[in-house]
Amino acid sequence: MSKFYITNSIPYVNAQPHIGHALEFIQSDVVNRYQRLLGNDVFYLCGSDENAIKNVQAAEKAGMDIQSFIDEHAKEFQDLADALNIHFDIFQKGSDQSHHKASQKLWELCEKNGDIYKKSYKGLYCVGCEEFKSSSDLDENGECFEHPGKSLEEVEEENYFFKLSKYQDFLLELIESNTYEVVPEFRKNEVTSFIKTGLEDFSISRSNRRAKNWGVPVPGDPEQRIYVWFDALNIYQSGIGFGDDEDTYSKWWPANLHVVGKGIIRFHAVYWPAILQSAGLKLPKKLFVHEYFTVNGQKMSKTLGNVINPLDMIKKYGADALRYYCLAKISPFQDGDFSEEKLVEAYNSDLANGLGNLVARVAKLAENNKLIFEDQPLAIDPDVINFSEKFQFNNALESQWQEIAKADRLLNEQKPWNLPREEAVSVIKDLIQKIRLISFSIQPFLPITSKNILKQFSGEIKSQSPLFPRIV
RNA sequence: GGCAGGAUGGCUCAGUCGGUUAGAGCACGGCAUUCAUAACGCCGAGGUCGUGGGUUCGAUCCCCACUCCUGCUACCA
């Protein structure tokens, strides 16, 4: 048994969770549960990035004080996890004092190593938005979209920078050698080609004015706040006691796996290991990068109004149905499309007609024969192990659905309902064990369903109401 | 613009280190049928493998050009 520390990425809590968050929760939870099933000692973290300026702005817009605004939204993410039957060992909030301390400690370690220095930052400041804009935020006239006609001011301020450039060779070697492994391969290539274009130091603080006095104060400089990434990534450490509970920290760190969406790969594959190396801390082992959902073939966006609330889907179809769709019906390494129609299609064809129906027919046969099943040993199917190790959740499930089809065919061939009792019982017992093996193997994917089936197929077996009633 | 990846039946994808009839699942049609949730099983229809050239006895797979899509090309996260 070895320890396994896995992190979900840290959701940004300026809005409600959408179906994309559910996707990542589900994927990381499968790894979490799979590692536990293997017998490893697992710690599973999620948290919330709460120190960003956008949270402050979103709170102002909502007319709420920042802390309540953030707490409310963070709660929504935790509720989503609950609804999906996901249990984080910790949900580390960025506004928590323990996290503030941890971030200041990380800062001090990097500073001690000479990797933090002050430099002036020049940028275009929009008075209307009260924030700096990059060229991509501006229209063809060089003006902010929300405040056309107002030209931007060029403002200069002193900020602290992190010497990322110093770690260029180190990072290239780290990623290329898979010492810190980026999965899938094409994302790894993206990272190495990015590193090869040359790394520049990046800003890790903001003036209090720009930060609106929100966030973690820079140690020894009360005029500045630690800026987002340096702080947010550190939730992975503060959540396990960094700077506070060294025993717990040293038990779990480094992370065996960070799970992230493609949008934040650079921060995890480049900034983060550099910061840790600078601080003299251990580096994470692996980074799994997943893709995004489109909805009915279109990008999700608030303006299109096609944002799907995963809680609605769970209420209507159940957590395992949503889990199944997210895991089986899309490739983890490609954008997948979500639509309620496709969810229902998958539900009916695979869960109701496939797994659910097989369980129902075998249970009824067992009941008719007054069969008592004595437990036999269970093991994870080698295909499931093989695919799960590579995060190919879709292939893992596909392999088990082939087993389901095989069992259905076997039933049709053997026709135990026509056989004398003794022969029938032998066939049925064989099928029961096959179903139990399938259920056991899909436990990380569909935990509730798996548990229900194993419970039903133990001891005296009775026919029960359908696991997945067909949706008409 | 540069780099990377993709374009295969209605949908989602697999595949061919170039070789007689290009596969699967879903959806669809037919047959059969109860142990089962009008479910399972069997059978079937459905593709000029993005476009135009080239190499070859032969290309969906190799080469060139083009079109379209996606990602990356650093201080919004």
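Numbered from 1 within each chain, the chains take letters A, B, ... in sequence-line order.
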From the options [options], select the nucleotide whose nearest atom is closest to the side chain of [X].
X	options	result
Lys342(A)	C11(B), C42(B), A74(B)	C11(B)
Tyr12(A)	C11(B), C76(B), G71(B)	C76(B)
Glu190(A)	C26(B), C40(B), C72(B)	C72(B)
Glu345(A)	U37(B), G41(B), C26(B)	C26(B)
Asn353(A)	A27(B), C35(B), C40(B)	C40(B)
Phe194(A)	A74(B), G71(B), C26(B)	A74(B)
Leu365(A)	C35(B), C42(B), C40(B)	C35(B)
Asn412(A)	U37(B), A74(B), C35(B)	C35(B)
Leu467(A)	A74(B), U37(B), C75(B)	U37(B)
Leu164(A)	A36(B), A74(B), C26(B)	A74(B)

Length of the line joining [X]:[atom1] and [N]:[atom2], which is rounded to integer Å:
X	N	atom1	atom2	result
Arg361(A)	C40(B)	CZ	P	9 Å
Asn51(A)	C76(B)	CG	C1'	16 Å
Asn395(A)	A24(B)	CG	P	17 Å
Arg187(A)	U70(B)	CZ	P	14 Å
Trp417(A)	G41(B)	CH2	P	12 Å
Ile330(A)	C26(B)	CD1	C1'	16 Å
Gln402(A)	G25(B)	CD	P	9 Å
Glu158(A)	C75(B)	CD	C1'	16 Å

Establish, with yes or no, whether the OP1 or OP2 oxygen of A36(B) is under 4.0 angstrom from a side-chain nitrogen or oxygen of Lys364(A).
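Yes, because at least one side-chain N or O of Lys364(A) sits under 4.0 Å from OP1 or OP2 of A36(B).
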When rounded to the nearest Å, what value does the distance between [atom1] atoms of [N] and [M] take?
N	M	atom1	value
A24(B)	G9(B)	C1'	12 Å
C40(B)	U34(B)	C1'	9 Å
C63(B)	U56(B)	C1'	12 Å
C35(B)	U8(B)	C1'	40 Å
G29(B)	U21(B)	C1'	22 Å
C62(B)	G47(B)	C1'	23 Å
A38(B)	C31(B)	C1'	15 Å
U48(B)	C11(B)	P	13 Å

If you take the centroid of each ring, where Trp contributes its six-membered ring, are [Y] and [X] closer together than 6.0 Å?
X	Y	value
Trp229(A)	Phe162(A)	no
Phe468(A)	Tyr347(A)	yes
Trp107(A)	Phe230(A)	yes

Qualifying residues under salt bridge (charged side-chain N to carboxylate O under 4.0 Å, His left out), relative to Lys455(A), sequence neighbours excluded:
none
Sort out the partner of [N] for me: Watson-Crick or G-U wobble, both distances under 3.5 Å, none otherwise.
N	value
U70(B)	A4(B)
C75(B)	none
C31(B)	G41(B)
C62(B)	G54(B)
G25(B)	C11(B)
U48(B)	none

Along RNA chain B (nearest heavy atom to each residue), the more 5'-positioned of Asn189(A) and Asn348(A):
Asn189(A)
Using a 4.0 Å heavy-atom cut-off across all strands, classify [X] as base, sugar-phosphate, or nothing.
X	answer
Asn357(A)	base
Lys415(A)	nothing
Ser203(A)	base
Ala52(A)	nothing
Gly261(A)	nothing

Is it the case that the side chains of Gln400(A) and Asp381(A) hold a donor-acceptor pair, with the cut-off being a distance below 3.5 Å and no angle test?
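Indeed, the side chains of Asp381(A) and Gln400(A) share at least one donor-acceptor pair under 3.5 Å.
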So, the side chain of Asp201(A) versus the backbone of Leu164(A): is there a donor-acceptor pair under 3.5 Å, distance only?
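Pair found, side chain donor or acceptor close to backbone of Leu164(A).
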Given 3.5 Å as the limit, does a donor-acceptor pair link the side chain of Asn369(A) with the main chain of Arg421(A), or not?
no
Do His290(A) and Glu24(A) pass the side chain to side chain contact (heavy atoms under 4.5 Å, CB included) test, and can you show the C-alpha distance, the side-chain angles, and the key distance before you say yes or no?
CA-CA 8 Å; His290(A) 66 78; Glu24(A) 180 172 309; 2.5 Å; yes
Going by 5.5 Å between centroids and 30° between planes, is there a stack of Phe202(A) over C75(B)?
no
